[in-house]
J.: 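Quick one: the structure is below, questions incoming.
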Amino acid sequence: MSDLNVYELLNRKRRGGPLEPREIEAFVDRYTTGSIPDYQMSALLMAIAINGMTAEEMATLTQAMLRSGEQWHLRDQYDFVADKHSTGGVGDKVSLVLSPWVGACGVKIGMLSGRGLGHTGGTLDKLEAIPRFNARLSRDQFQRCIDEVNCVISTSTEGIAPADKKIYALRDVTGTVESLPLITASIMSKKLAMGASSLILDVKTGSGAFMRHYQESKALALSLIAAAAGSGTRVEALITDMNRPLGIAAGNANEIVETIEVLKGNGPADVEEVTRAQAVRVLVMSGRFDEQSAVTALDDALRSGRALDQARKWITSQGGDAKIADDYSLLPQPTETFEVRAPRSGFITAIDTYQAGMFTVDLGAGRKKADDIIDYAAGVMFDRRSGDEVKAGETIARIQLGHSKRDAEELRKRFLSFVTFGDAPPPGRPLVFEHLK
Ligand code: URA
């Protein structure tokens, strides 16, 4: 498009006027190749963040961002290959459990995953707690893992949606991360570029989610599903609870241990339930199972030890030391552990999950700046959780330190500042709220 009038377009969007598909395409294309500068893209992002986008504008933006780079079209190379995405949470190790569990049922699954963002942990950071695990695969290596062991998780390669990499970095510093159309285009441009047969979205809701309120989470889920219309990737979403950390462990190495425990059939019930709900959808979307036979296949894979065995094969295929499944001491170990005790008897009525996530990040388990180095041994074990009855003096959590020295009393005080106690249990909340497609 030779006649793109950037100044007029920005003015129009600022006033809430419509953008033509070819204008959006040209804007993204020129920004990616460097002929539109950061300050003009920043202005457009702010106008979008304030005024929103129509469904058509958002679909065009998603397509323009995905076409800025490689498209893998994986669904053309396999009978079926699944993908999964989580909007992020605290203690969210669902992808780690789901991959080998689904793989053990004979269904291929590949994910281009992310690192920790804000208060939430990152799947790749957790995997890199495993000695020698390679989470930076080339496209060929990625596909070899799918071919050989059915499952793979790796970082997005440079070639996937370069427009998103540039735009995301700009959003991060211009206060435009929290925008439904921008989040939708960012997530879906990367997911659709991989081109799986199906995508299951785990859209979190609650105090530890990016979308805290139910209606916002639902709007995001519907927006992500709408952005995939006509793409060839079948998308479904589950809205799941993030008003409490998922499982007991939040960190990196400790979440790998918890993942293996779930695969051994000894893990926390909430992690198993949330993962199972998604795994059932993955198997059903493959067309080889109905709901009942999916549940049976998943039960069988877990009880027989095949899911655990699949995890060993997967870790080995990405260069990692699979012996960690039998010897947790091979994972990074905490140098010190501080216990937190209940200050009173009663019930834990709430854990502010955003604060719990920030606490875990501050221990070194996440990054506050892009170049921070992860302390894989650092983390928190939530031994008692929302709804649990506790006695005064009983251990409710363990704070695990890695390399850094910390003041135990200060950490205990901060931990207790985001935990609420009461005389009665809080009202029950489901773990899985809604299934959307
Ligand atoms: N994750 C992404 O990939 N992009 C966003 O905009 C938000 C979360």
Side-chain angles (χ1 to χ4, degrees), residues 24 28 31-32 41-42 44-50 52-53 57-59 61-66 68-70 83-90 92 94-95 110-126 135 153-196 199-206 208-213 216-228 231 233 235 237 239-240 242 354 357 361 366-367 370:
I24 297 173
V28 170
Y31 177 63
T32 312
M41 181 53 102
S42 301
L44 179 64
L45 294 172
M46 187 56 83
I48 293 172
I50 293 169
M53 281 185 130
E57 286 174 330
M58 193 170 68
L61 179 63
T62 306
Q63 286 297 322
M65 285 167 62
L66 103 83
S68 70
E70 294 169 9
D83 189 2
K84 180 254 175 194
H85 179 80
S86 164
T87 56
V90 179
D92 181 5
V94 170
S95 295
M111 290 177 225
L112 292 174
S113 200
R115 300 192 180 276
L117 196 64
H119 66 286
T120 67
T123 297
L124 296 176
D125 297 326
K126 293 169 201 187
I153 301 182
S154 176
T155 181
S156 190
T157 64
E158 287 301 308
I160 294 274
D164 178 61
K165 291 190 180 70
K166 270 189 98 173
I167 293 172
Y168 195 89
L170 210 52
R171 286 169 60 207
D172 211 17
V173 292
T174 55
T176 52
V177 169
E178 282 160 48
S179 150
L180 190 67
L182 296 179
I183 294 175
T184 301
S186 169
I187 293 175
M188 294 309 284
S189 61
K190 290 172 288 201
K191 291 281 140 192
L192 299 180
M194 194 181 94
L199 168 64
I200 182 75
L201 298 165
D202 183 3
V203 179
K204 304 284 189 195
T205 193
F210 282 106
M211 300 291 178
R212 291 175 155 237
H213 303 293
E216 288 173 357
S217 306
K218 185 163 178 174
L220 176 60
L222 292 172
S223 174
L224 293 168
I225 292 171
S231 68
T233 298
V235 183
I239 303 186
T240 70
M242 192 32 71
Y354 169 77
V361 169
R367 292 181 194 81

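Counting starts at 1 for both ligands and their atoms, in listed order. From a predicted model like this one, the values you see are computed outputs, not experimental measurements. This chain uses plain numbering: 1 for the first residue, then up along the sequence.
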J.: Tell me the protein heavy atom at minimum distance from atom 3 (O) of ligand 1, and give that distance in Å.
T.: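 For atom 3 (O) of ligand 1, the nearest protein heavy atom comes out as K190 NZ, 2.5 Å.
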J.: Within the 3.5 Å criterion, strictly below it, is a donor on S42 or T174 matched to an acceptor on the partner's side chain?
T.: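 No, T174 and S42 have no side-chain donor paired with an acceptor closer than 3.5 Å.
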J.: Using the rule side chain to side chain contact (heavy atoms under 4.5 Å, CB included), only one of I167, L61, I187 pairs with L182; which is it?
T.: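 Considering I167, L61, I187, a side chain to side chain contact (heavy atoms under 4.5 Å, CB included) with L182 is found only for L61.
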J.: Just distances here: any N/O of D164 and N/O of ligand 1 closer than 3.5 Å?
T.: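 D164 vs ligand 1: no N/O contact under 3.5 Å.
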J.: Where is the nearest protein heavy atom to atom 8 (C) of ligand 1: which residue, which atom, and how far?
T.: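 Of every protein heavy atom, L117 CD2, 4.0 Å lies nearest to atom 8 (C) of ligand 1.
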J.: Give me the residue, atom name and distance of the protein heavy atom closest to atom 4 (N) of ligand 1.
T.: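 Among all protein heavy atoms, the one nearest atom 4 (N) of ligand 1 is S186 OG, 2.6 Å.
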J.: Considering only the protein, which heavy-atom contact is closest to atom 1 (N) of ligand 1, and what is its distance?
T.: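 Protein heavy atom at minimum distance: I187 CG1, 3.8 Å.
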J.: Should D202 and K204 count as an ion pair when the cut-off is N to O under 4.0 Å?
T.: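 Salt bridge: yes.
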J.: Looking at residues at least two apart in the chain, or sitting in another chain, which of them share a side-chain hydrogen bond (donor to acceptor under 3.5 Å, both in side chains) with T123?
T.: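 Here no residue qualifies.
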J.: Check side-chain hydrogen bond (donor to acceptor under 3.5 Å, both in side chains) between T155 and all other residues, then give those that pass, not counting sequence neighbours.
T.: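 Here no residue qualifies.
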J.: Under 3.5 Å, N or O to N or O, is Y168 touching ligand 1 that way?
T.: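 Among all N and O atoms of Y168, none is under 3.5 Å from an N or O of ligand 1.
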